[in-house]
Amino acid sequence: MTTKPPITVVWLKRDLRLHDNEAIYNALKANKPTLLLYCFEPLLMNDPHYSERHWNFIKESIVDLNKELEAYNSKILTVQCDIIAAINQLQTLYSISEIYSHQETGILVTFERDKNFKRYCKNNLITWHENINNGVQRGLKNRDNWNELVDAFYAVEPLKFTPKNNQLLTIEAIKDLETLFKIPNLNAQQFTPFQKGGRTTGKRYLSTFFEERHRDYMLHISKPELARTSCSRISPYIAWGNLSVREVYHQAYHLKETSKHKKALEAFMSRLRWQTHFIQKFEMEHTMEEASLNKGFHKLKKSISKDYQQAWKTGQTGYPMVDACMRCLNETGYLNFRMRALVVSFFTHNLWQPWQEATTHLSQMFLDFEPGIHFPQLQMQAGETGINMLRIYNPVKNSLEHDPNATFIKKWVPELEKLDTPFAHQPYLMTEMEQQFYGFNLGKDYPKPIVDLETTRKKAGDTLWTLRKDKTVLEESKRILRKHTRNKRLSKS
Ligand SMILES: Cc1cc2nc3c(=O)[nH]c(=O)nc-3n(C[C@H](O)[C@H](O)[C@H](O)COP(=O)(O)OP(=O)(O)OC[C@H]3O[C@@H](n4cnc5c(N)ncnc54)[C@H](O)[C@@H]3O)c2cc1C
């Protein structure tokens, strides 16, 4: 009987980088021949939270990694099957006793998949080493020591990628393995309007932000058009792991020492920490994917209107800022924070739709879809946490304040291009005569508002404020504060 050669496998997921990748670093330390594996898993490819733009980004990331790996005569084995099928197939040629990956704070299907995989590993005498991802801690009951744990994680120098000679499986060996699998085509769609995946591009975004763009970070962060260049735009690179939060944090920290724009860099660094904070919350409360964390809000019943939802998804609500945001998001995969909050607020408050009905459209559209931020943010913006300020964004006030010349609105809602600025913000204020003057027909060229802002805002505000006094909501709020904050009254909860 011939013995199979032993290999160590690194299962890459949302950590598509070689540098500061703890799974790869630990696997290489084990000193065995190492295979880097990525699975396009049918369970995720068929999941409604994901869309083509995500798979494209991942493909671009893998192609970029493969270029980097050429120097080591290696590449990523990229297969289209679930992880158990992949390991079973690999075991026909190699002996695998150790697998490395990061702890994934994912959606329910990946949680279930990980439980199955753990069982599989146990039954097959494989040790599955999972490392902390971006500082998020597993198994915490509360946040008492969380700051210290995260500080300690961030304090470590980013890990270097230094495989020994020939430690990575060679391109030839991987090509042999490919014959055993269904191999996805890595040719991503070309010339898309989305940010291109891969560490090389991610590093470019980061360096232009640090060199120049961060100067007006705080001034422009809420402005839908200007934020596109003054914010870092690194979120998809962090969400898919092309960049680690720690390496970005370290670079910002060093730059801050000599920078004239310390405040901007501090604000940026605190947002990097929010990233970890929100994912930590989701890690400790995975049921947030389907129901509000504050159980008191489960009794809130909203009637579903597919017509409203369709108008919102397609940017046809009759409110130019809401519509511009949605069309821009659909087209480019990106919106700044305030405008993300605004579209969710409009959906959950003015249209009075359950936040759960917004999840898949938004997750499919956001190129940076990160479950650990997505679900907690949706609930927060819907006013269903019981512990945060209730914010009902007024789309008109926000457009006047953050897009005063209606530049963003006219770009994304070209039907309003020929109107003077005040009417581009509020086309429904035009009289018949003004419409004739501009050659514009409200209701035909652009929809009339589908709801009245003031009455819907009042109804939502009254209902939610009343509910906040409910006994279960109050008890739950206390529980949430005890579990998810240290001083029990943190503002960013
Ligand atoms: C409803 C809603 C859904 C969201 N969904 C996501 C998501 O799926 N993925 C995602 O990365 N962000 C999400 N955010 C947070 C935020 O809007 C984006 O991180 C940010 O706009 C990305 O742009 P940037 O990289 O230029 O950010 P920058 O302002 O340059 O910030 C740098 C990094 O800090 C982190 N960050 C910034 N703001 C926040 C925040 N409020 N909460 C947590 N982390 C933050 C991100 O990793 C970001 O890349 C969501 C916000 C809302 C209101």
Side-chain angles (χ1 to χ4, degrees), residues 14 49-51 53-54 57 105-107 133-136 195 201-202 205-206 208-210 213-224 226-249 251-252 264-282 288-289 312 325-326 328-329 332-349 355-356 358-385 388 391 393 491-493:
R14 280 174 172 258
H49 294 96
Y50 288 88
S51 66
R53 62 186 66 179
H54 301 131
F57 191 94
T105 307
I107 51 178
N133 188 31
N134 284 330
V136 175
Q195 289 174 263
T201 318
Y205 271 93
L206 192 61
T208 59
F209 178 69
F210 284 153
R213 295 188 290 113
H214 72 279
R215 291 178 187 173
D216 293 321
Y217 181 61
M218 287 317 285
L219 202 64
H220 295 165
I221 195 165
S222 295
K223 316 235 173 282
L226 298 172
R228 301 181 81 78
T229 41
S230 290
C231 285
S232 69
R233 305 292 305 271
I234 59 166
S235 53
Y237 303 99
I238 289 192
W240 300 106
N242 294 163
L243 299 171
S244 77
V245 174
R246 176 163 60 191
E247 66 177 322
V248 176
Y249 195 87
Q251 287 185 40
L265 291 170
E266 274 164 13
F268 171 74
M269 286 162 78
S270 67
R271 277 162 182 79
L272 290 174
R273 254 186 115 90
W274 295 358
Q275 197 265 5
T276 311
H277 163 77
F278 278 102
I279 300 177
Q280 183 68 54
K281 194 176 208 176
F282 193 58
M288 282 182 96
E289 180 180 332
W312 176 78
C325 283
M326 196 52 97
C328 168
L329 172 62
T332 69
Y334 180 81
L335 266 188
N336 61 323
F337 173 80
R338 176 175 280 263
M339 296 306 150
R340 293 186 196 209
L342 182 141
V343 293
V344 174
S345 166
F346 187 81
F347 185 85
T348 55
H349 299 131
W355 61 262
Q356 289 90 335
T359 56
T360 50
H361 177 72
L362 290 181
S363 66
Q364 286 173 14
M365 295 299 114
F366 287 138
L367 186 61
D368 59 18
F369 168 50
E370 168 59 68
I373 305 178
H374 190 71
F375 295 103
Q377 277 290 354
L378 275 166
Q379 294 179 28
M380 199 161 136
Q381 304 309 334
E384 295 195 23
T385 64
N388 300 104
R391 279 225 167 122
Y393 289 80
S491 58
K492 275 291 150 220
S493 312

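Because the structure is a prediction, the values reported are computed rather than measured. One is the number of the first residue; the rest follow in order along the sequence. All ligand and atom numbering here is 1-based and tracks the order in the structure.
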Steps toward side-chain contact (heavy atoms from CB on, under 4.5 Å) verdict (M326, L362): CA-CA 9 Å; M326 196 52 97; L362 290 181; 4.2 Å; yes
CA sep, side-chain torsions, deciding dist, call: T201, F57, side-chain contact (heavy atoms from CB on, under 4.5 Å): CA-CA 11 Å; T201 318; F57 191 94; over 6 Å; no
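Aromatic ring centroids of F369 and H374 lie under 6.0 Å apart. Aromatic pair Y217/F209: ring centres closer than 6.0 Å.
For W274, no nitrogen or oxygen atom sits less than 3.5 Å from a nitrogen or oxygen atom of ligand 1, counting backbone and side chain alike. Between I234 and ligand 1, at least one pair of N/O atoms sits closer than 3.5 Å. Considering backbone and side-chain N/O of Y217, one or more are found under 3.5 Å from N/O of ligand 1.
R215 pairs by the salt bridge (charged side-chain N to carboxylate O under 4.0 Å, His left out) definition with E212, not counting sequence neighbours.
Using a 4.0 Å cut-off between a side-chain N of Lys or Arg and a carboxylate O of Asp or Glu, R340 and D368 qualify as a salt bridge.
Here the protein heavy atom with the shortest distance to atom 33 (C) of ligand 1 is L272 CD2, 3.9 Å. For atom 10 (C) of ligand 1, the closest non-hydrogen atom on the protein side is I373 CD1, 3.5 Å. When only non-hydrogen protein atoms are considered, atom 24 (P) of ligand 1 lies nearest to R233 N, 3.6 Å. Protein heavy atom at the shortest distance from atom 45 (C) of ligand 1 is R271 O, 3.7 Å.
Taking a cut-off of under 4.0 Å to the non-hydrogen atoms of V344, the atoms of ligand 1 that pass are 1 (C). Residue S235 has at least one heavy-atom neighbour below 4.0 Å for each of these atoms of ligand 1: 11 (O), 22 (C), 23 (O), 25 (O), 49 (O). Listed by atom number, the atoms of ligand 1 under 4.0 Å from F278 heavy atoms are 42 (N), 43 (C). Listed by atom number, the atoms of ligand 1 under 4.0 Å from Q275 heavy atoms are 43 (C), 44 (N), 47 (O). The ligand atoms of ligand 1 that sit less than 4.0 angstrom from a heavy atom of S232 are 24 (P), 25 (O), 26 (O), 28 (P), 30 (O), 32 (C). Close approach of ligand 1 to F268 (heavy-atom distance below 4.0 Å) involves ligand atoms 30 (O), 32 (C).
Scanning Q377, E370, R340, H374 for the heavy atom closest to atom 13 (C) of ligand 1 points to R340. Looking at L335, L378, D368, T229 and measuring to atom 9 (N) of ligand 1, the nearest heavy atom belongs to D368. Distances from atom 41 (N) of ligand 1 to the heavy atoms of F347, F337, W355, F369 show the closest one on F337.
Below 30°, between 30° and 60°, or above 60°: for F375 and H49 the angle between ring planes is above 60°, a perpendicular geometry.
For the ligand labelled ligand 1, residue A341 lies inside the 4.0 Å heavy-atom shell. The closest approach between a heavy atom of Y334 and any atom of ligand 1 is below 4.0 Å.
Judged by a 6.0 Å distance limit and a 45° cone about the ring axis, R233 is positioned over the six-membered ring of Y334.
Counted by atom type alone, E247 and Q251 present zero donor-acceptor pairs between their side chains at under 3.5 Å.
Note that CG of L206 and CZ of R213 are 8.5 Å apart. Values are rounded to the nearest 0.5 Å.
Distance alone, capped at 3.5 Å, places no donor-acceptor pair between the R228 side chain and the P224 backbone.
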